[in-house]
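Sequential numbering from 1 along the given sequence is applied to the chain's residues. Bear in mind the structure is a predicted one, so any value in this text is a computation, not a measurement.
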Amino acid sequence: LSRALKGELDGGVGGLQSADRALPPLQFEPRGGVFGFFGEHTVDDDAEEVVLCETEFDAMMVAQYTDIPAVALPQGCRHLPPALLPRLERFKKIYL
């Protein structure tokens, strides 16, 4: 990432924009991986509510200071992959 910010990497189509430089597209390890919610593994199977946070830091803070499980969006508040919507259907209440 630091090399990308210094302009040493060529940002491809679909790369993220940071200031005036393009960042390379996200890569998944292993190849073919998918987006998920940060902290999703910490939510109990019987949980009825969840806090949907913008960042990982927010999710950790909410989870530590409340009794409500919290997860974070994979790329911030401007991107919710449609493939993740079914993972939210089990909750009766979702706090934003």
Side-chain angles (χ1 to χ4, degrees):
L1 181 59
S2 63
R3 287 179 37 214
L5 292 176
K6 292 177 186 175
E8 296 175 16
L9 297 177
D10 182 27
V13 175
L16 300 174
Q17 297 294 322
S18 177
D20 59 347
R21 294 191 172 91
L23 298 178
L26 294 176
Q27 296 178 4
F28 293 101
E29 296 292 336
R31 197 178 259 311
V34 295
F35 282 112
F37 292 111
F38 173 86
E40 186 174 12
H41 67 286
T42 66
V43 180
D44 292 334
D45 291 336
D46 60 346
E48 295 183 354
E49 57 187 8
V50 69
V51 179
L52 188 57
C53 300
E54 178 180 1
T55 68
E56 293 88 349
F57 181 79
D58 293 337
M60 290 187 291
M61 186 176 62
V62 168
Q64 290 176 6
Y65 289 100
T66 69
D67 291 329
I68 304 171
V71 297
L73 294 167
Q75 291 183 309
C77 67
R78 295 187 180 172
H79 184 74
L80 173 58
L84 292 182
L85 292 175
R87 296 183 185 189
L88 296 174
E89 291 178 354
R90 68 182 181 110
F91 299 107
K92 291 183 180 180
K93 190 180 286 190
I94 300 171
Y95 298 98
L96 303 175

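At distances below 3.5 Å, at least one donor-acceptor pair connects side-chain atoms of T42 with backbone N or O atoms of G39.
For residues 56-79, the set of pairs meeting the salt bridge (Lys or Arg N to Asp or Glu O under 4.0 Å) definition, not counting sequence neighbours, is empty. Residues in residues 58-96 take part in these ring-ring contact (aromatic ring centres under 6.0 Å, His included) pairs, two or more places apart or across chains: F35-H79. Residue pairs meeting the salt bridge (Lys or Arg N to Asp or Glu O under 4.0 Å) criterion with at least one member in residues 41-50, sequence neighbours excluded: E48-K92.
Heavy-atom minimum distance, P86 versus A83: CD-O, 3.4 Å. Across every non-hydrogen atom of P74 and P81, the tightest pair is CG-CD, 3.7 Å. When all heavy atoms of G36 and L84 are compared, the closest pair comes out as CA-CD2, 3.9 Å. Minimum interatomic distance between C53 and V62 (heavy atoms only, all atoms of both residues): SG-CG2, 4.1 Å.
Not a single side-chain hydrogen bond (donor to acceptor under 3.5 Å, both in side chains) links E54 to another residue, sequence neighbours left out.
At least one side-chain heavy atom of F37 sits less than 4.5 Å from a side-chain heavy atom of L80. Taking 4.5 Å as the limit, every side-chain heavy atom of V50 sits out of range of all side-chain heavy atoms of I68. Contact check for V43 versus R87: no side-chain heavy atoms found under the 4.5 Å cut-off.
Counting Ile, Leu, Val, Met, Phe, Trp and Tyr side chains that sit under 4.5 Å apart, directly or through other members, F38 shares a hydrophobic cluster with M60.
T55 OG1 to L73 CG: the interatomic distance, rounded to the nearest 0.5 Å, is 9.5 Å.
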